[in-house]
Protein chains: 2
Amino acid sequence: MALPLTPSRTGQPASDCRVLGLRERKKQRTRDSLVAAAHALFLRQGYARTTVDEIAASVDVSQRTFFRYFANKEEVALAVLADAEDYFVDCLRRRPAAETPLQAMRASITQAWQVLSRDEGSGPGGVQAALELIDLIESTPVLLAAHLRRTIEQEGVVTAILAEREGLDPATDVRPRVLAAAFGAVVRVSHLSWTADTAAHAAGPDGMIAIIERHLDQLGPALAGPWRN
Amino acid sequence: MALPLTPSRTGQPASDCRVLGLRERKKQRTRDSLVAAAHALFLRQGYARTTVDEIAASVDVSQRTFFRYFANKEEVALAVLADAEDYFVDCLRRRPAAETPLQAMRASITQAWQVLSRDEGSGPGGVQAALELIDLIESTPVLLAAHLRRTIEQEGVVTAILAEREGLDPATDVRPRVLAAAFGAVVRVSHLSWTADTAAHAAGPDGMIAIIERHLDQLGPALAGPWRN
DNA sequence: TGCCGAATGTCAGTAGCTGACATAATGTTC
DNA sequence: GAACATTATGTCAGCTACTGACATTCGGCA
């Protein structure tokens with residue numbers, strides 16, 4: 001139950017379950033159940049064809065309670081991925097100062113995917129679920145829109161981390177923001193390529209890492225001079 | 001009424017109004033009125049506090065008719081901006097083959113903003129409206145999400161243009177997709193900076209162009225080696 | 001003038017989402 | 001452990017975005 005590497009997004013500090021009261025544990029369980037139920041329903045019958053009432057009913061809570069845990073239907077779908085993104089941010093925070101900003105970002109993603117795939121396998125918030133979610137998102141316009149918005153919110157956090165790391169004021173120097181945005185964009189198109197690539201698809205997290213690295217490698221060349229020889 | 005440089009998104013070929021039948025002209029007028037009315041209402045009382053019924057009523061059509069013109073409430077808000085983006089794509093298509101891909105993209109944006117600001121001023125689909133829309137979008141999460149999705153759809157088109165331009169297969173060579181994504185990201189953060197920058201704000205389209213160029217200039221440095229001297 | 005097809009209006013219904021209030025479960029204090 | 005405060009949950013009523021079905025009206029055309 002304890003997920004020390006992916007702090008849940010309920011605002012709890014990462015402490016042991018047993019020190020939490022019954023109330024908190026029950027809430028956590030309800031939340032996890034809702035995410036799992038929603039995930040299963042979305043994958044089986046599609047996002048649009050799944051109603052909030054169904055999700056709530058399958059966990060035996062009222063629709064109103066669902067909306068007290070998640071602001072909207074999209075949020076429950078993106079919850080797993082959101083945890084993974086939070087973990088990426090944690091990785092970035094801990095990167096050694098000697099690394100170049102781009103190096104730190106790059107190392108953080110591969111590290112995040114590797115650790116997540118090692119520690120959680122196919123658990124409720126695991127890598128398996130995250131990868132399935134990416135497919136679902138990429139094929140569901142409404143979800144894609146919500147996901148993109150979430151992503152650029154994260155970019156704000158990343159911008160702040162980079163700026164602090166390098167001792168810069170993000171209002172003056174645009175490099176932190178530009179790097180965060182460009183990097184996020186490359187990761188996004190990597191997801192896109194991954195969903196279309198059945199081989200990488202089968203390779204799981206490792207395939208994803210490979211694709212992301214290939215795209216990052218092409219970022220420089222894509223911006224540089226003429227492409228033709 | 002004729003907007004030769006920003007073909008409307010109704011699927012009409014860009015021909016003179018007078019050769020169109022009464023029916024087509026009426027449809028165009030209704031559409032334009034809906035966009036203008038929605039725009040005015042959104043700016044006055046906010047996006048969320050404006051209902052579709054209000055918009056429809058202020059143009060004297062039924063709510064059902066509104067939804068025959070626009071798939072959803074977001075679409076009417078993004079219509080003006082969508083036209084501008086289409087024009088950017090047109091510019092890109094016409095860029096000389098001698099230019100570097102990045103040069104072509106860069107020239108296309110500045111060209112798009114300049115031409116739009118010269119030719120349409122403050123018309124219903126003009127630059128004035130587009131700039132106001134950017135502020136609205138940036139401060140309205142739902143709109144921002146929809147806008148981001150639209151943007152990455154455009155990125156698909158841009159990717160195709162770049163690939164054809166350079167004679168590449170976008171499935172093999174990731175550079176077109178990567179450049180389109182990174183460029184789009186930089187333009188987006190430029191919009192963000194623009195909304196926060198009152199001076200550039202006051203300068204209108206020229207201020208926007210200046211900000212975009214500043215951000216593009218920093219793309220290389222942001223990716224390169226250590227930032228500290 | 002009269003016919004055809006397209007645009008519009010009307011109506012009923014579904015689903016996402018919210019506020020208000022009552023109820024029940026939990027935590028706390030003496 | 002009894003009384004109280006806090007908090008999660010359920011219920012209900014209501015709003016708004018959006019859709020399908022059908023009737024009506026309007027523009028185009030013979």
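Each chain gets a letter, A, B and so on, in the order the sequences are listed, and its residues count up from 1. Hydrogens, waters and symmetry mates are skipped; everything else that's a heavy atom, side chains included, is used.
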Practice prompt. Identify the heavy atoms of A/L34 and A/A56 that sit nearest to each other, and give their distance.
Written response: CD2-CA, 4.4 Å
Discussion item. Between B/Y69 and C/dT8, is there a contact of a side-chain N or O with OP1 or OP2 at under 4.0 Å?
Written reply: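 Yes.
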Fill in: Below 4.0 Å: OP1/OP2 of D/dG27 and any side-chain N or O of B/K26
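Yes, B/K26 has a side-chain N/O under 4.0 Å of OP1/OP2 on D/dG27.
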Worksheet item: Separation of B/E54 atom CD from D/dC18 atom P, in whole Å?
Response: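 The answer, rounded to whole Å, is 15 Å.
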Practice prompt. Please report, rounded to the nearest Å, how far the P atom of D/dC26 is from the CZ atom of B/R25.
Written response: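 Atom CZ in B/R25 sits about 17 Å away from atom P in D/dC26.
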Worksheet item: What is the nucleic acid contact for B/T65, judged by heavy atoms within less than 4.0 Å: base, sugar-phosphate only, or nothing?
Response: sugar-phosphate
Practice prompt. Return the orientation label for the A/W194 and A/H201 ring planes: parallel under 30°, perpendicular over 60°, tilted otherwise.
Written response: parallel
Discussion item. Strictly distance-based, threshold 3.5 Å: is any side-chain N or O of B/H39 a donor or acceptor partner for the main-chain N or O of B/V35?
Written reply: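 Looks like no, no N/O pair under 3.5 Å.
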Discussion item. Donor-acceptor pair, distance only, cut-off 3.5 Å: does the side chain of A/Y47 make one with the backbone of A/I137?
Written reply: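 Absent.
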Every protein N/O within reach of nucleotides 16-19 of chain C N/O, cut-off under 3.5 Å:
{"from": "C/dG16", "atom 1": "OP1", "to": "A/K73", "atom 2": "NZ", "distance (Å)": "3.1"}
{"from": "C/dG16", "atom 1": "OP2", "to": "A/V52", "atom 2": "N", "distance (Å)": "3.3"}
{"from": "C/dC17", "atom 1": "OP2", "to": "A/K73", "atom 2": "N", "distance (Å)": "2.7"}
{"from": "C/dG19", "atom 1": "N7", "to": "A/R64", "atom 2": "NE", "distance (Å)": "3.4"}
{"from": "C/dG19", "atom 1": "N7", "to": "A/R64", "atom 2": "NH2", "distance (Å)": "2.9"}
{"from": "C/dG19", "atom 1": "O6", "to": "A/R64", "atom 2": "NE", "distance (Å)": "2.9"}

Check the interface with nucleotides 3-7 of chain D: list each N/O to N/O pair with the protein under 3.5 Å, or write none.
{"from": "D/dT6", "atom 1": "O2", "to": "A/R23", "atom 2": "NH2", "distance (Å)": "3.3"}
{"from": "D/dT7", "atom 1": "O4'", "to": "A/R23", "atom 2": "NH1", "distance (Å)": "3.3"}

Practice prompt. Compute the bend angle of the helix from C/dT1-D/dA30 to C/dC30-D/dG1 from the end axes (five pairs per end), rounded to 10°.
Written response: 10°
